[in-house]
Each structure stands twice: as C-alpha cells, then as structure tokens.
Amino acid sequence: MELPTQYNAKEVEDKIYRLWEKSGFFNPDNLPKRHKKPFSMVLPPPNVTGVLHMGSTLMLAIEDTIIRYQRMRGKKTLWIPGTDHASIATETKFLKDKKISRGDYADNRGEFIKLVNEFALQNQGLILKQMRAMGASLDWSRLKYTLDENHNNAVQEAFIKMHEKGIIEMGRGLYTIINWDVKGQTVVNDDEIEYEAGKAKLYTFHYDKNFPISISTTRPETKFGDSAVAVNPKDERYKNLIGKIFDAEFLGKKLIIKIIGDPSVDKNFGTGALGVTPAHSKIDAEMAIRHNLPSHQVINEYGRMTESAGPLVAGKKTAEAREITVNYLREKNLLEKEEIIDQNIPMAQRSGGIIEPIPKRHQFFVKVNKKIPGRNKTLKELMIASVKSGKIKILPKRFEKIYFNWVENLRDWSISRQIWYGHRLPVWAPDPAPSGDELPYVISKTKPAGKEYENYVQLSDTLDTWFSSGLWPFSTLGWPEKTKDLKMYFPNDVLETAYDILFFWVARMILMSQFLLGEIPFKTVYLHGLVRDEQNRKISKSLGNNINPIDMIDQYGADAVRMAMIVGTSVGNDSRVSMEKFKAYRNFATKIWNASRFVLMNLDGYKSGKKPILTKEDKKILKDLNKLSAEATKLMDNFKLYSAAEKVYHYFWHTFCDKIIEENKKRLNSQNEKEKQSAQYLLLKILIINLKLLHPFMPFITEEIYQQLPLKNKKECIMIEEWPTKN
C-alpha cells in the first residue's frame with residue numbers, strides 16, 4: 001500500500017466531499033445503529049446573498065469540529081444548514097445590482113418580491129458551495145431558508161400567538177417614538193444602531209426674550225416641537241416656576257410651554273432645564289405621557305422639517321434648519337453660549353444613514369415587561385431565568401453578566417419594518433386607513449371573510465429579520481407542527497455563534513422559545529470572537545487586510561485553514577490569522593501525509609488483525625497514547641477545542657514523527673519477523689488513533705489516508721469511526 005509522493009489538497013477535497021455526501025452520513029437517519037443519543041446544532045444562517053468571510057470561516061471550523069467529534073462519539077448528530085433572507089441587505093443589494101428603484105414597482109409589489117426572491121436564491125448557491133469547500137458536514141437534505149413556505153407559516157403562527165396573549169401590541173401613535181433610518185427609509189431597532197464618536201455644539205438660549213428659563217441642546221432645530229421645559233423638582237432655581245404655562249414665539253412659531261418638575265432631569269447638565277420634545281425623543285415621549293403633554297412632529301421621514309415647524313424652516317433639511325435657527329438666535333441676542341462637546345451620533349448599522357427619532361403610527365412591538373397571561377412572568381424574567389438557573393450555559397461565563405445587563409435594560413422590541421422583502425405582517429386593516437391613532441385591524445394569515453372586511457388590505461410592513469431568525473432552533477425542526485425531528489432534537493445541544501450577536505440573535509431565540517414552547521432553545525452557547533490580523537487589527541476591507549478564505553483554501557487546503565482558525569483561539573476570545581499560520585498548518589498536513597506514507601510503505605508482510613508480542617517500551621508508548629486520547633476527550637467535552645488540537649498536533653509531530661518513527665526504523669528493517677511485526681503494528685496503531693483524533697479538525701486529509709489503510713472491518717468513512725478513548 002503506497003500513497004502518492006505529495007498530498008494534493010485540490011484533487012483530494014472535492015473527491016472526499018463527494019464520498020461523504022454519497023455515504024449519506026451527514027443525515028442522522030442514515031448513521032449506523034450505535035448512533036442513538038441525539039445531538040443537534042443549527043447553523044447560524046448566513047445572508048443568502050453573502051459570501052464566506054473570515055468570521056464565518058471560523059464559525060464553520062468550530063461547528064464542524066464539534067459535530068464531527070460528537071458523531072465519532074456515537075451520537076445521532078444533526079447539524080441543520082440554512083440561509084437568511086436578510087431583508088434589508090438583500091433588497092439593497094438587489095436594487096443596486098439591477099440599478100432600479102423600488103418605486104418602479106409601486107403598483108406591483110408581488111412582482112418585485114418575486115424578482116428579489118429569484119435573485120436571492122440564485123446567489124444562495126455560492127455560499128452553500130463555499131460551506132462545502134470548508135468540509136462542513138451539514139445535513140443538506142434538511143436545508144432551510146428563512147423565507148421558505150414552512151418558515152413563513154411558523155413566523156405567522158408566532159405573531160398570532162404572541163398577539164393573542166397581548167405580548168405583541170400596536171404602539172400609541174404620536175407617543176410611539178421609533179428609530180427612523182432616513183437613508184434606508186425604515187424603522188430599526190435600538191441594537192441595530194452604531195454610534196459614531198464626534199464633536200457637537202451645545203447651544204444655550206431662550207425661546208424668546210420674555211421666556212424666564214434658558215435651555216441647552218445640541219439640536220435647536222427640534223425645539224419647534226417643544227411642549228414643556230422640564231426641571232428637577234429639587235432645583236431651587238426653578239421651584240417657583242413649576243406648573244406655570246408660558247407663551248413663546250420661536251422663529252415665528254408660537255409655542256405653549258409648560259414648566260414641569262421631573263426627577264429624571266440632571267440639575268448639573270447645561271442650565272438644569274430641558275426642553276421637552278415628545279415627538280423626537282423616546283425619553284421626552286415617556287415624560288410627556290407622565291405629565292400629559294401634547295406632542296408635535298416637526299421632522300419627517302425624509303429628514304426635513306414639517307409645515308408645523310413654522311414658515312422659516314418648513315421643508316428644510318435638519319442641518320439647514322439648525323443653521324437658520326442658530327443665526328436667528330444670534331441676531332435676536334437670545335443665544336447665551338456655544339460650546340464644543342463630545343457626542344455619539346446614531347447611525348443605522350446597515351445603511352449608514354442618520355437615525356432620526358420620530359413618531360410613527362401603526363407600528364407593532366413585542367412587550368418585554370408585560371406579564372404573560374397564565375405564566376405571571378415577563379419575557380425579560382424568562383430570559384434571565386433561562387441562564388440564571390443554569391439550564392443554558394454561556395461560554396465563556398463572563399458573557400453571562402453582559403447578557404443579564406442587556407436583558408435588564410431591554411426596551412419593548414420594535415418589529416415593524418418598512419421594506420417589502422420579508423415576512424409580511426399577518427395584519428389586515430381598512431384601506432384607506434382612518435385618520436388618528438386608532439386603527440381597527442384583524443390578525444389573520446389570510447384575508448378575513450365577510451362584507452365588513454371588503455375594504456381591508458394586508459399591512460405593507462414586514463417583520464424585523466430577527467423576529468423570524470428568533471424561531472430558527474425550532475422552526476428548522478418543523479414547528480409549529482409536532483414533528484419527529486422536533487421531539488428528538490429540541491432543545492438543541494449547542495448554539496455556536498459570534499459574541500457580537502449575543503443580543504441580536506441569541507437573546508431573541510431564548511425569548512421566542514420560552515414564550516412559544518415554554519422551553520430553552522439550546523443547552524450551551526459557545527461564543528467565538530472576532531478574527532484579527534497579526535497586528536491585532538480587525539479584518540476589514542477598509543484597512544486593506546481582508547483575507548479571502550476561498551483563496552486560502554485554494555492555496556493551502558481546507559484542513560490548514562481550519563487548523564489555523566482553531567489553534568490559539570480559546571472560546572470567547574478574538575483570534576489572529578496570518579499567512580504564516582496558514583503555511584504552518586499546510587506544513588503540518590504535509591507532515592501527516594509523509595508520516596502516513598512512510599508507515600504504509602513499510603507494511604510489507606503485515607498481518608492485519610493479529611496482535612503481535614509487544615515490548616515493554618511498546619506498551620509504554622501505547623499507554624501514553626491512551627493518556628493523550630483521554631486528555632483530548634476531556635478537552636473536547638469541555639469545548640477547549642484549541643487545546644485538544646494543539647495537544648494532538650504536538651504529539652503527532654514531536655512524539656510520533658520525531659521520536660517513535662525514528663526509533664522504529666531499525667525494527668522495520670529487522671530480519672526478525674516478530675520484531676518487524678511488532679513495529680508495524682505499533683506504528684499503524686498510533687497512526688490510526690492519531691487520524692481519528694485529528695479528523696474533527698482536519699477531515700479531508702485524515703479521510704483520504706483512512707481510505708488507504710489495510711484494515712479488517714474498516715468503516716465506510718473515518719467520520720463514523722469510534723472516537724478513541726481506550727486503545
């Protein structure tokens with residue numbers, strides 16, 4: 001038996017992946033009988049139009065290592081693949097690629113969605129092909145898409161159930177302040193905002209010469225919408241003014257300003273007096289509800305001033321209106337002070353557009369602080385209890401504190417989006433909609449029957465992508481139907497993902513699972529970090545240090561890429577990659593190949609299945625090998641993949657190759673047949689065990705070598721071999 005002189009990863013990898021797919025062992029239903037206890041994971045669905053990047057490469061390397069290890073341990077392993085429709089990203093990419101506007105399809109929404117969906121699914125093939133290139137042993141027969149028919153049914157069912165219990169509600173008109181992405185023309189949630197550090201001017205001024213209090217703000221253009229000035233009730237400067245109402249004229253706009261006392265006001269910020277703008281601040285809107293204040297919208301969805309802002313600024317962009325306002329205040333000697341301060345400017349994560357807090361009618365929210373009827377707990381309480389009880393273990397543990405802090409400060413979740421491509425709300429209302437905040441509506445998957453509903457149409461809004469993604473651990477298993485897969489594989493055993501979506505996705509899966517199934521969605525959360533370069537900089541196009549993982553696979557082989565991603569990367573910490581690291585593990589693959597080739601070349605006359613007499617030294621070597629297997633097993637069970645990989649790497653290179661093979665070369669050439677057989681047995685035994693230990697990390701080369709081994713009762717693939725615990 002002889003291997004080729006050199007290992008050619010390009011030739012081997014496609015061939016081996018075809019072998020795996022043909023075997024059917026990615027599907028747990030096809031695994032041998034010894035695979036009984038279920039073990040399940042879902043793949044965090046990448047964007048359907050996305051491509052493999054270094055972060056998703058790390059994710060695939062970790063997850064495939066876990067699933068291959070559990071499969072070899074005899075588990076009935078299910079790893080479900082899928083892609084995410086990624087509403088905003090996909091619709092934006094479609095419009096850009098096709099050089100069209102959504103307005104071109106204003107009267108034909110159905111046609112538009114059909115075209116975007118075709119575009120998305122045509123692009124899906126690329127990311128799926130790249131996953132295969134990484135060696136991902138996903139059950140492709142269960143491939144899911146977050147916008148397929150089954151998932152759409154699950155999303156609608158979830159919305160209906162949550163609405164029935166009063167956990168989904170429509171917001172309160174002008175007092176419902178949302179984050180409006182002016183560029184993307186949609187609502188975004190709090191955690192979809194990035195804050196850009198910058199400088200801003202803090203202006204201190206009076207509304208007019210007769211107003212008794214000066215206020216401070218960085219956005220004087222919003223003051224056209226003020227209905228009060230809030231002061232701290234303990235502030236001696238303003239105590240005598242609380243409760244009084246003043247008429248003011250602000251750039252030709254008449255304002256009615258009430259002085260209110262509210263303990264939330266910081267006495268030491270600015271003048272200690274806050275202009276209350278209920279329509280353009282969530283904090284001010286809450287204050288307005290507490291003090292029964294009117295709300296006036298002065299900025300619209302296009303970032304321009306409304307007619308109600310007054311004649312001097314109506315129709316102007318906010319920046320222009322600010323300049324006009326400040327110039328007026330200067331001219332009228334109303335401006336007391338200007339100072340430069342540090343400020344975090346809110347920007348939409350997806351579009352990069354400026355965020356304007358504005359009121360929006362008929363928006364739906366998940367109420368996280370409302371007691372669930374029949375359970376007497378809020379969603380927040382269920383989310384906290386899931387982790388605090390130990391039912392869900394977050395790795396590393398330090399992220400539990402971050403998780404608790406985020407959940408405790410969670411506001412109601414805004415789930416309506418003003419884009420077309422996505423899960424449309426199962427909500428029907430009259431067309432045209434009546435004026436005012438109240439909107440009669442019906443929740444239904446199909447148009448409600450009856451004459452009274454003839455003029456009802458489905459609301460145009462779609463659901464936040466994270467709403468549908470939140471169902472992923474159980475919708476992929478067939479929920480809301482009570483399927484065999486759901487019974488066997490839920491809750492999932494492990495959820496592996498990046499730590500930067502702990503809040504976006506992980507927390508919402510716990511929320512949805514607890515409400516809809518009364519159960520945790522997974523038992524262990526394994527968080528990986530960011531991928532950085534050798535200078536510890538985040539990998540990004542803008543820095544010019546971007547690495548294309550497919551290029552790395554072509555150059556160094558998938559096994560080398562996988563090892564480079566895992567070794568030196570502990571759970572929850574950022575990892576560093578470099579060309580040197582990829583080269584190092586390509587060299588290791590070469591070492592594995594050459595050592596295996598040497599062992600197989602020296603098996604002339606070897607009698608497989610017959611154990612020869614071993615020397616005292618042979619037995620010690622095998623005892624040490626047992627110890628290595630036990631240590632690797634313990635490390636893998638504790639998700640210390642990086643340590644297990646390093647241990648096996650060092651053993652193979654420095655113990656097996658540098659010492660054991662070298663020391664046994666003489667015995668292999670011995671004229672004493674028994675001595676030769678012992679050496680052959682020993683080297684083959686160590687090679688087999690090491691191939692098994694390395695397989696979860698380096699599946700392609702280990703499978704290729706395994707297929708050439710002269711063994712009796714050899715399995716169809718090494719991936720269903722038994723993990724070595726005792727040899």
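Each residue takes its place number in the sequence, starting with 1.
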Ion pair R508/D191, N-O distance below 4.0 Å: yes
Is the [X]-[Y] ring centre distance short of 6.0 angstrom?
X: F700; Y: W20; answer: yes
X: Y17; Y: F26; answer: yes
X: H85; Y: H423; answer: yes

Step-by-step side-chain contact (heavy atoms from CB on, under 4.5 Å) determination, W79 to S40: CA-CA 6 Å; W79 186 21; S40 64; over 6 Å; no
If we count only N and O atoms by modelled type, under 3.5 Å, do the side chains of [X] and [Y] hold a donor and an acceptor together?
X: R424; Y: N152; value: no
X: N117; Y: Y421; value: yes
X: D139; Y: S141; value: yes
X: Q363; Y: Q418; value: yes
X: T465; Y: S87; value: yes

Verdict with supporting geometry, D485 and R142, salt bridge (charged side-chain N to carboxylate O under 4.0 Å, His left out): CA-CA 11 Å; D485 275 0; R142 286 174 166 90; 2.9 Å; yes
Qualifying salt bridge (Lys or Arg N to Asp or Glu O under 4.0 Å) pairs with a residue from residues 48-68, counting only residues at least two apart or across chains: D64-R68, D64-R562
Keeping [X] on the side-chain end and [Y] on the backbone end, is there a donor-acceptor pair under 3.5 Å?
X: W505; Y: S469; value: yes
X: S416; Y: F364; value: yes
X: E192; Y: N189; value: yes
X: D181; Y: G184; value: yes
X: W180; Y: E301; value: yes
X: N409; Y: N405; value: yes

Test log, rule ring-ring contact (aromatic ring centres under 6.0 Å, His included), inputs F94 and F112: CA-CA 10 Å; F94 170 76; F112 177 82; 5.7 Å; yes
Parallel, tilted or perpendicular: ring planes of F582 versus Y556, cut at 30 and 60 degrees: parallel
